[in-house]
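Heavy atoms only: backbone and side chains are in, while hydrogens, waters and symmetry mates are out. Per chain, numbering begins at 1; letters A, B, ... match sequence-line order.
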Amino acid sequence: MGNTCFALVDCNNFYASCEKLFRPDLKYKPVVVLSNNDGCVIARSAEAKALGIKMGVPFFEIKPLVLAHQITLFSSNYALYADMSHRVMQTLEEISAEVEVYSIDEAFIDLSGVKQNFELLSYGQSIQKKIKQEVGLSIGVGIGPTKTLAKLANYAAKAYPKTGGVVDLTDRQRQIKLMKITPVEEVWGVGRQLGKRLAELNIKTAFALACIPTFEIRKRFSVVLERTVRELNGESCLRIESIIPTKKQIVCSRSFGSSVTSLDSLEQAIASHAARAGHKLRQEKQKAKYLSIFITTSRFNPKHPYYNRSQGIQFLHPTDDSRQLIQAAKHGLKSIFRANYFYAKAGVMLTDFTPNHQYQYDLFNTIDTWRNEKLMKTIDEINLKTRHTLFFASEGINEPWQMKRRFLSPQYTTQWNDLLVVKG
DNA sequence: TCTGGGGTCCTAGGACCC
DNA sequence: TCTGGGGTCCTAGGACCC
């Protein structure tokens with residue numbers, strides 16, 4: 001203890017910044033990125049934040065503001081964000097061998113070795129400069145002796161613009177000073193529910209939480225929060241995890257562009273989710289033994305009755321064959337479908353995985369299995385090159401249930417046809 | 001009219017066993 | 001009348017994260 005040092009790097013307003021990068025004309029303009037289906041706000045540029053647009057609010061609520069201030073809207077373009085994320089992470093990996101990609105726009109870096117040889121604040125600033133130069137995005141850097149404190153430092157880097165986006169929180173007195181003015185819900189691992197329960201005990205700041213004896217936390221809450229408290233007090237409990245763990249579940253779900261009542265449409269949606277899930281599963285090089293599907297009506301509409309059911313199906317043998325997944329999903333759907341409901345969303349979940357290399361082929365089914373795998377591989381390869389031109393008949397095309405993306409930006413970085421044209 | 005999607009981990013409780 | 005005490009495994013649900 002005492003020698004660990006971590007940095008948390010995250011991209012400012014990541015999705016909005018990605019969109020701005022390819023639209024220099026929007027440099028100082030408010031930009032908002034909408035969730036799938038253009039449902040609600042999931043990213044805002046600094047200018048949009050300044051206009052009071054909150055994270056997560058439904059799009060229709062901000063429509064007046066959008067018109068009044070000429071806010072530019074974007075439907076989420078995950079292909080673009082994933083590619084930009086990749087560039088950021090690669091640049092970070094040039095700096096350090098110990099990088100943990102924590103989310104699409106965040107990474108932890110192990111600075112334990114750096115600590116002896118560099119002044120940490122200027123080291124953080126140099127990372128910031130490098131990302132700006134090589135990728136074009138602004139980042140915040142928080143540095144601390146534990147991951148939780150690095151996160152807290154990153155929070156401070158955002159909350160206090162005077163820091164220039166880099167905060168070194170290795171000093172205990174600085175930690176205490178910051179924790180005393182930080183609401184407890186800003187602590188990594190404390191969400192809404194815990195925040196409420198802690199408030200009832202009059203624990204309202206990060207510092208108040210750090211002062212509770214660990215046995216007390218364990219008794220009243222959980223081992224998870226106990227670890228958080230230890231980390232706030234400088235005891236490092238979480239390491240850098242640079243090896244990406246294999247997935248334990250795969251979920252593919254979408255809200256519909258408009259509500260759906262027929263079994264036919266639900267079948268198409270479910271089939272296309274099952275096919276996507278199968279694709280992801282093959283990418284993971286795993287097979288699944290359990291599939292479950294769910295359908296649900298909107299929980300926001302009090303005029304229509306609420307209905308929400310799921311159904312699981314166990315396979316005899318683990319599979320990654322989309323046709324088998326689709327068949328099982330459709331079968332499951334039939335058992336939970338009820339007519340006369342306005343369905344808003346459907347999804348498919350795969351669990352209970354076996355890695356491909358561990359899977360024992362069925363003795364009497366080897367040839368078939370081999371042929372099926374070959375087919376799936378071919379489909380995946382073609383879809384990779386042509387952006388989903390091959391699909392299963394049961395998926396349907398251009399159906400009303402498919403999602404709305406009215407403000408989609410071009411695929412600047414991933415499709416040749418959409419490459420940015422620089423006019424001379 | 002219009003409210004995202006995809007993950008992980010922990011815990012409590014039931015079934016079952018000796 | 002008397003009414004154990006652990007274990008393990010599984011699942012559903014709840015909390016968190018982005």
Side-chain angles (χ1 to χ4, degrees), chain A residues 8-11 13-15 32-43 54-64 66 73-78 81-82 85 100-108 147-148 151 154-155 184-198 217-228 237-238 241 244-259 273 276-277 280-281 284 290 292 294 296-304 306 308 310 312 314 342 344-353 400 403-407:
Chain A
L8 178 76
V9 169
D10 85 330
C11 301
N13 318 323
F14 182 56
Y15 298 168
V32 160
V33 179
L34 301 172
S35 66
N36 277 331
N37 248 325
D38 299 334
C40 52
V41 173
I42 54 166
K54 298 270 181 277
M55 185 73 172
V57 297
F59 170 47
F60 66 86
E61 279 178 19
I62 61 157
K63 260 186 186 168
V66 169
L73 297 169
F74 290 95
S75 300
S76 37
N77 183 346
Y78 288 102
Y81 313 147
S85 171
E100 172 184 341
V101 178
Y102 177 66
S103 77
I104 194 160
D105 72 332
E106 278 177 79
F108 284 103
K147 280 180 157 184
T148 304
K151 267 274 198 187
N154 184 276
Y155 158 78
V184 70
E185 288 185 28
E186 298 296 340
V187 173
W188 189 37
V190 180
R192 285 255 292 282
Q193 298 304 314
L194 277 175
K196 219 189 288 172
R197 282 177 64 198
L198 289 166
I217 291 288
R218 186 180 214 140
K219 200 170 68 186
R220 288 174 184 261
F221 296 91
S222 69
V223 293
V224 183
L225 195 64
E226 182 195 348
R227 200 167 54 202
T228 299
C237 306
L238 300 164
E241 304 192 16
I244 300 162
T246 54
K247 286 193 193 337
K248 294 171 180 171
Q249 68 174 44
I250 287 171
V251 181
C252 289
S253 71
R254 285 276 182 284
S255 301
F256 302 133
S258 50
S259 68
H273 297 331
R276 269 195 307 135
K280 285 192 198 174
L281 186 61
E284 281 279 306
Y290 195 80
S292 71
F294 69 88
T296 180
T297 61
S298 171
R299 62 187 190 284
F300 297 107
N301 193 336
K303 286 183 194 145
H304 295 306
Y306 183 63
N308 175 9
S310 67
Q314 178 109 32
F342 292 86
K345 184 176 177 177
V348 169
M349 190 190 305
L350 302 177
T351 47
D352 202 352
F353 295 164
M403 70 170 168
K404 290 183 215 152
R405 296 176 94 183
R406 286 166 292 178
F407 316 104

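Counting all heavy atoms, side chain and backbone alike, A:Ile250 lies closest to A:Glu284 at CD1-CG, 4.3 Å.
C:dC16 atom C1' lies 15 Å from atom NZ of A:Lys147, rounded to whole Å. Rounded to whole Å, the distance from CZ on A:Arg197 to P on C:dA15 is 8 Å. In this structure, the OH atom of A:Tyr102 is 5 Å from the P atom of C:dC18, given to the nearest Å. Put simply, CD on A:Glu100 is 12 Å from C1' on C:dC17, counting in whole angstrom units. Rounded to an integer number of Å, the gap from A:Phe60 CZ to B:dT1 P is 8 Å. Rounding to whole angstrom units, CG of residue A:Leu194 and P of C:dA15 are separated by 8 Å. Regarding A:Glu186, its CD atom lies at a distance of 15 Å from the C1' atom of C:dC16, rounded to whole Å. Atom CG of A:Asp38 is separated from atom P of B:dT1 by 18 Å (rounded to the nearest Å).
Between A:Lys303 and the phosphate of B:dT1, there is no side-chain N or O to OP1/OP2 separation shorter than 4.0 Å.
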For this session: Start with the C-alpha distance between A:Arg218 and A:Val223, add both sets of side-chain angles, then the distance that settles side-chain contact (heavy atoms from CB on, under 4.5 Å), and finish with yes or no.
Result: CA-CA 6 Å; A:Arg218 186 180 214 140; A:Val223 293; 3.3 Å; yes
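Using a 4.0 Å cut-off between charged side-chain N and carboxylate O, A:Lys151 and A:Glu106 make a salt bridge.
Side-chain atoms of A:Arg227 never come within 3.5 Å of backbone atoms of A:Leu238 as a donor-acceptor pair (strictly under, hydrogens ignored). With hydrogens and angles ignored, the 3.5 Å screen pairs a side-chain donor or acceptor of A:Ser76 with a backbone N or O of A:Leu34.
Side chain to side chain, A:Asn37 and A:Ser35 fail the donor-acceptor criterion of an N or O pair below 3.5 Å.
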Problem set entry | Footprint string (nucleotides 5-13 of chain B, 5' to 3'): B base within contact, S backbone only, - free, heavy atoms under 4.0 Å | SSSBSSS--
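Ring geometry, A:Tyr81 versus A:Tyr15: the interplanar angle falls under 30°, so the pair is classed parallel (tilted spans 30 to 60°).
Nucleotide B:dG13 has C:dC10 as its partner under the Watson-Crick or G-U criteria, with both atom distances under 3.5 Å.
Counting non-hydrogen atoms under 4.0 angstrom, A:Phe300 reaches a base of the nucleic acid. Across all strands shown, A:Lys196 has no heavy atoms under 4.0 Å from either base or sugar-phosphate atoms.
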